[in-house]
Amino acid sequence: MRCCRFSLAKRGSAKNAAKLHAGIIKSSGYTVKPIIDCMKELSKAYEPREVESSWYQRWLDAGCFTADPKSAKPGYSIVIPPPNVTGVLHIGHVLNNTLQDILARRARMTGHEVLWLPGSDHAGIATQTVVERTLRKSEGKTRHDLGREAFTERVWEWKEKHGNIIFGQLRSLGCSLDWSRERFTMDEDYSRRVAEVFVDLYNKGLIYRGKRMVNWCPVSLTALSDEEVISKPQKGLLYHFKVEIVETPGTFLEIATTRPETIMGDTALAVNPADPRYKDLIGLHVRRALPRGTEAAIPIIGDEAVDFEFGTGVLKVTPAHDKVDYEIGLRHNLEIIDVLNPDGTMSSAAGEEFAGLDRFAARKLAAETLEELGTLVKAEPYENNVGFSERADVPVEPRLSEQWFLRYPQVETSRDAVRNGTIRFFPDRWEKVYDHWLENIQDWCISRQLWWGHRIPVWYRGGEMLCQVDSPGDDWTQDGDVLDTWFSSWLWPFATMDEATLKKFHPTSALVTGWDILFFWVARMIMAGYEYENVAPFRDVYFTGMIRDHKGRKMSKSLGNSPDTLELIGKYGADGLRFGLLRIAPQGADIRFDEKQIEEGRNFGNKLWNACRYRQMQGPSAARPDLDGFDLPIQCLNILGKLDALVHKIDDAYGTYRFNEICQGLYDFFWSDYCDWFVEASKPAILNADSPDRDAILKTMDVVLHTFLRLLHPYMPHITEELWETLGFEADSHGKNFLMYAAWPGSPLPASIEKQALTAAMQQTAALYESVYQARNLRAEYRIASNQKVNLVLKPSRELNDQEMATFSGLAGAKECQVNSDFLPEKGTPVVLTPLGQLFMPLTGLVDPAAERERISKEIDKTRDELEKARKKLSNSNFVDNAPPEVVAEHQQRATDFAARLEQLNKMRDALD
RNA sequence: GCGCGAUUAGCUCAGUGGUAGAGCGCUUGCUUCACACGCAAGAAGUCACUGGUUCGAACCCAGUAUCGCGCACCA
């Protein structure tokens with residue numbers, strides 16, 4: 001326990017502390033008076049490390065993150081997009097999970113019972129690949145050396161050892177996840193649910209097995225869904241070669257292809273029956289060039305799928321290795337010759353010369369062979385799109401194989417849910433993308449030829465087949481394939497919850513995820529939600545942008561441009577990282593990462609720390625600050641008015657997930673309005689123990705900090721919690737005695753304040769601050785060093801009280817500011833026109849009529865330009881007649897103000913002559 | 001081919017019809033009594049281009065250009 005609730009000081013030298021205690025040390029050159037006896041150390045800079053870890057532990061110990069399904073409070077829930085067990089925390093996770101944490105923390109403060117459910121995904125291909133690689137490296141073995149059972153055992157071991165790394169990292173980030181409910185997509189009950197869903201969909205006739213053309217990954221040796229194939233432009237060659245027509249020897253047909261290595265799989269040539277060049281050839285045959293020596297005759301067929309604009313208008317048909325060709329083959333009942341092995345090498349059907357060769361080597365050899373045979377016409381450079389396996393990053397092969405497919409359920413319901421706003425997307429432009437995908441949806445290939453994953457719950461005995469969760473008996477063997485990982489993830493929002501939890505927390509409130517998994521995950525969850533819970537699984541979906549490096553490239557391991565998030569947390573603190581990242585994260589747009597921004601986040605934390613430290617140095621704060629009964633100076637009313645506006649702005653922005661607007665609002669208010677202006681303006685009164693305003697100002701600071709810490713908490717949870725405790729604040733609580741359970745703030749304005757009085761005070765303050773700005777400007781013009789105090793004289797334009805003058809002098813860096821309506825300045829005394837009146841800076845050596853005239857002339861020119869602009873606008877009758885009256889009035893006011901200012905400035909210049 | 005987004009200060013980005021903004025960087029001054037992870041002042045913009053709508057356009061509409069993305073095609 002800390003010995004003193006009012007001390008911000010925990011880190012620093014004990015020696016200094018002792019001196020401080022005695023009130024004799026000069027820190028930064030001034031004497032610090034210890035406020036209370038037990039104050040020990042003062043740390044000028046906020047050091048996040050210890051604060052963050054200790055608070056996380058305290059929250060955990062107090063069960064702050066645990067959701068109670070029996071709570072009477074309204075429920076608010078989010079399920080984490082489960083990271084891969086292989087995953088480590090990258091910067092995208094930081095963004096994504098910080099946003100979820102913000103929503104969860106704010107919901108607690110607005111009185112909700114919050115469940116934020118953690119977990120991870122078994123990530124079939126990714127995980128299996130990683131473990132296989134390790135196995136190969138450390139033991140020189142393949143998974144086949146171990147066998148299925150031993151291998152999956154190894155994956156489990158690996159998962160236990162490395163699978164929780166990311167959870168530790170999420171803790172470092174401060175994520176308020178309910179760790180008592182951590183789930184894994186291969187937990188026993190979860191797996192059972194997956195199997196039950198499979199069986200159910202099978203029984204409904206939505207799942208079927210069939211031999212079809214699928215995307216095959218020759219590295220992972222498994223089928224892939226269409227979504228796992230990424231098309232990339234590839235530079236290659238378009239080979240033109242000719243074949244002889246059997247019936248009319250000596251005549252040839254020219255064919256264009258990018259894949260000469262599949263010629264031995266050709267079982268026809270196809271032309272468009274409407275193509276006048278070739279239609280008469282339909283029914284004839286040609287000699288197939290490869291494999292060499294066979295010279296098989298294959299038919300020329302007519303099919304409308306052939307585009308006669310492309311290439312030569314003649315298509316070689318390879319039913320075993322191309323989707324379109326396969327369909328043509330079906331229509332014409334063509335033979336299917338599979339010339340490729342699953343691993344992408346040529347099969348024996350390709351002929352002796354090619355068998356065993358890798359497909360790309362075979363392509364080269366095929367082209368060379370054609371050339372030797374004298375049938376190669378040309379090979380021209382060509383760029384086309386090739387489908388790549390998302391995981392293995394190699395071209396996929398279309399391959400005919402026996403797979404399990406799902407005809408998606410609830411497609412129309414799911415489309416309607418987003419169309420009619422039952423589910424809302426932020427930003428909403430993703431709605432169109434979603435709709436388009438569902439409109440053109442194809443059956444989903446859900447079987448994978450992997451070992452790591454949910455086994456397909458189908459059993460065989462002889463020619464019999466049964467689809468059920470449990471084995472029908474020892475003499476039955478289970479289907480060898482596993483399910484696509486997403487076939488389990490799509491159940492995530494409800495399969496992770498028991499009955500009581502479901503009742504309280506499903507459907508979930510919001511989903512935060514990247515748009516890159518809109519089809520993989522979001523759309524499918526919606527369908528599963530309707531199919532199994534009869535309801536949309538979430539209300540709102542917020543799509544984060546993709547984080548790119550400073551050159552705009554995607555973060556990737558191979559580029560090595562991904563920042564180390566733990567290192568960032570170490571350097572800037574989790575709060576700094578969170579805040580810095582969020583401040584630059586525009587809604588749904590991609591983000592260019594720049595470490596400078598994170599540094600800004602840390603700096604903001606430090607600013608907050610020091611502002612609170614400053615308050616603390618003035619004496620204890622009220623636990624529940626209240627301004628009733630205080631006569632508040634204008635700058636107090638002003639800052640309260642600004643804070644009131646901030647509270648409203650933030651509440652509004654949360655409604656549509658405008659996180660960076662909230663962030664920016666918090667930043668601007670605190671740094672500029674509170675620190676730069678309010679605190680600075682208050683210093684004269686605070687330093688003067690006799691000032692009648694001192695208490696009101698300190699109390700106003702308390703109200704501002706008491707409110708602001710709550711507003712900021714979701715973004716910077718650790719530092720705010722620390723300061724809340726250190727300043728000794730309390731608030732109405734939604735449960736536990738922590739800031740994280742404090743009631744979300746309403747308006748900070750005291751009930752007794754009238755709106756009119758507030759507006760007047762804010763206007764007066766604005767005039768005062770504007771005058772300060774003018775005064776500082778004048779100082780800078782005359783190169784007065786910042787630390788040099790000057791004497792000022794004000795010829796006031798209205799009556800001013802002592803408090804205002806003291807504030808003004810303090811902010812303007814004046815030794816003294818005399819108010820004198822009859823002041824007669826020496827000719828050439830620097831002077832500036834402020835909202836408070838004419839302000840003179842009678843400083844020896846600066847009096848120079850010529851310089852002053854020049855300076856004022858410039859000001860006059862500027863003002864005249866502005867005035868002319870305003871007048872021009874007002875002289876336009878179209879504007880005056882058509883614009884809204886308040887806009888016209890505004891311009892009239894501007895013109896009046898500029899005219900008055902111009903007149904005064906002219907007088908000031910004349911006085912110099 | 002269809003669709004989506006972006007284009008504003010040197011950089012990263014805010015800005016939903018009425019006086020062009022922030023942070024960083026830059027220049028100048030400052031260890032001024034919370035903070036140099038700081039304070040103050042300053043320079044810096046044809047809001048990609050062309051038309052249109054409007055009294056008025058960075059903003060709305062149409063088109064063009066460049067960059068990025070998705071879907072389809074991909075012999």
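Throughout, protein chains are lettered first and strands after them, A, B, ... in sequence-line order, and every chain is numbered starting at 1. Any value given below was found using the heavy atoms of this structure, including those in side chains, with hydrogens, waters and symmetry copies removed.
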Could you let me know what [N] is paired to, Watson-Crick or G-U wobble, both distances under 3.5 Å, or none if it's on its own?
{"N": "B/C73", "result": "none"}
{"N": "B/G5", "result": "B/C67"}
{"N": "B/U32", "result": "none"}
{"N": "B/A62", "result": "B/U50"}
{"N": "B/G21", "result": "B/C13"}
{"N": "B/G42", "result": "B/C26"}

Please report the distance, rounded to the nearest Å, between [atom1] in [X] and [atom2] in [N].
{"X": "A/N878", "N": "B/G18", "atom1": "CG", "atom2": "C1'", "answer": "15 Å"}
{"X": "A/Q442", "N": "B/C73", "atom1": "CD", "atom2": "P", "answer": "9 Å"}
{"X": "A/E680", "N": "B/A40", "atom1": "CD", "atom2": "P", "answer": "7 Å"}
{"X": "A/N777", "N": "B/G29", "atom1": "CG", "atom2": "C1'", "answer": "13 Å"}
{"X": "A/D676", "N": "B/C39", "atom1": "CG", "atom2": "P", "answer": "5 Å"}
{"X": "A/N610", "N": "B/C35", "atom1": "CG", "atom2": "P", "answer": "6 Å"}
{"X": "A/H891", "N": "B/C55", "atom1": "NE2", "atom2": "P", "answer": "16 Å"}
{"X": "A/F519", "N": "B/C69", "atom1": "CZ", "atom2": "P", "answer": "16 Å"}

Taking the six-membered ring of A/Y667, is the NZ or CZ of A/R583 close enough (under 6.0 Å from the centre) and on axis enough (within 45°)? yes

Against the six-membered ring of A/Y46, is A/K607 placed for a cation-pi contact (under 6.0 Å from the centre, within 45° of the normal)? no

With no hydrogens and no angle check, do the side chains of [X] and [Y] hold a donor and an acceptor under 3.5 Å apart?
{"X": "A/E599", "Y": "A/N603", "value": "no"}
{"X": "A/E228", "Y": "A/S225", "value": "yes"}
{"X": "A/T262", "Y": "A/K316", "value": "yes"}

Sugar-phosphate only, base, or nothing, as touched by [X] at under 4.0 Å among non-hydrogen atoms:
{"X": "A/R783", "answer": "sugar-phosphate"}
{"X": "A/A785", "answer": "sugar-phosphate"}
{"X": "A/E661", "answer": "nothing"}
{"X": "A/V317", "answer": "nothing"}
{"X": "A/K789", "answer": "nothing"}
{"X": "A/L238", "answer": "sugar-phosphate"}
{"X": "A/Y572", "answer": "nothing"}
{"X": "A/D322", "answer": "sugar-phosphate"}
{"X": "A/R592", "answer": "sugar-phosphate"}

[atom1] atoms of [N] and [M], separation to the nearest Å:
{"N": "B/G5", "M": "B/G42", "atom1": "C1'", "result": "37 Å"}
{"N": "B/A14", "M": "B/C55", "atom1": "C1'", "result": "29 Å"}
{"N": "B/C24", "M": "B/G17", "atom1": "P", "result": "29 Å"}
{"N": "B/A58", "M": "B/U7", "atom1": "C1'", "result": "11 Å"}
{"N": "B/G38", "M": "B/G25", "atom1": "P", "result": "9 Å"}
{"N": "B/C37", "M": "B/A43", "atom1": "C1'", "result": "25 Å"}
{"N": "B/C49", "M": "B/C11", "atom1": "C1'", "result": "23 Å"}
{"N": "B/G21", "M": "B/A41", "atom1": "P", "result": "16 Å"}

Output the single nucleotide from [options] whose closest atom is nearest the side chain of [X].
{"X": "A/R776", "options": "B/A40, B/A34, B/G42", "value": "B/A40"}
{"X": "A/N603", "options": "B/U19, B/G38, B/G18", "value": "B/G38"}
{"X": "A/P884", "options": "B/C35, B/G42, B/C55", "value": "B/C55"}
{"X": "A/N882", "options": "B/C55, B/A72, B/A34", "value": "B/C55"}
{"X": "A/S786", "options": "B/C73, B/C30, B/C37", "value": "B/C30"}
{"X": "A/W671", "options": "B/A41, B/C55, B/G38", "value": "B/G38"}
{"X": "A/N384", "options": "B/G38, B/C74, B/C69", "value": "B/C74"}

If a protein heavy atom is under 4.0 Å from the base, mark B; if only from the sugar-phosphate, S; if neither, -; do that for nucleotides 22-27 of chain B going 5' to 3'. SSSS--

Do the non-hydrogen side-chain atoms of A/F808 and A/L792 ever get within less than 4.5 Å of each other? yes

So A/V522 and A/T513, do their side chains get closer than 4.5 Å, heavy atoms only? yes

Look at the side chain of A/K432 and the base of B/C4, then say whether one donor and one acceptor between them are separated by less than 3.5 Å. no

The ring-ring contact (aromatic ring centres under 6.0 Å, His included) partner of A/F426 among A/W515, A/F659, A/Y657 is A/Y657

Look at the aromatic rings of A/Y434 and A/F425 and report parallel, tilted or perpendicular, splitting at 30° and 60°. perpendicular

A/K571 meets the salt bridge (charged side-chain N to carboxylate O under 4.0 Å, His left out) criterion, sequence neighbours left out, with A/E595

By nearest-heavy-atom nucleotide on RNA chain B, the more 5' of A/V880 and A/A611 is A/A611

For [N] and [X] - does any side-chain N or O of the residue sit under 4.0 Å from the phosphate oxygens OP1/OP2?
{"X": "A/N787", "N": "B/U31", "answer": "yes"}
{"X": "A/K607", "N": "B/C39", "answer": "yes"}
{"X": "A/K571", "N": "B/C37", "answer": "no"}
{"X": "A/Y773", "N": "B/G42", "answer": "yes"}

Quick check against the 3.5 Å criterion: does A/E227 have a side-chain atom that pairs as donor or acceptor with the backbone of A/F519? no

Residues forming a side-chain contact (heavy atoms from CB on, under 4.5 Å) with A/K235, sequence neighbours excluded: A/E383

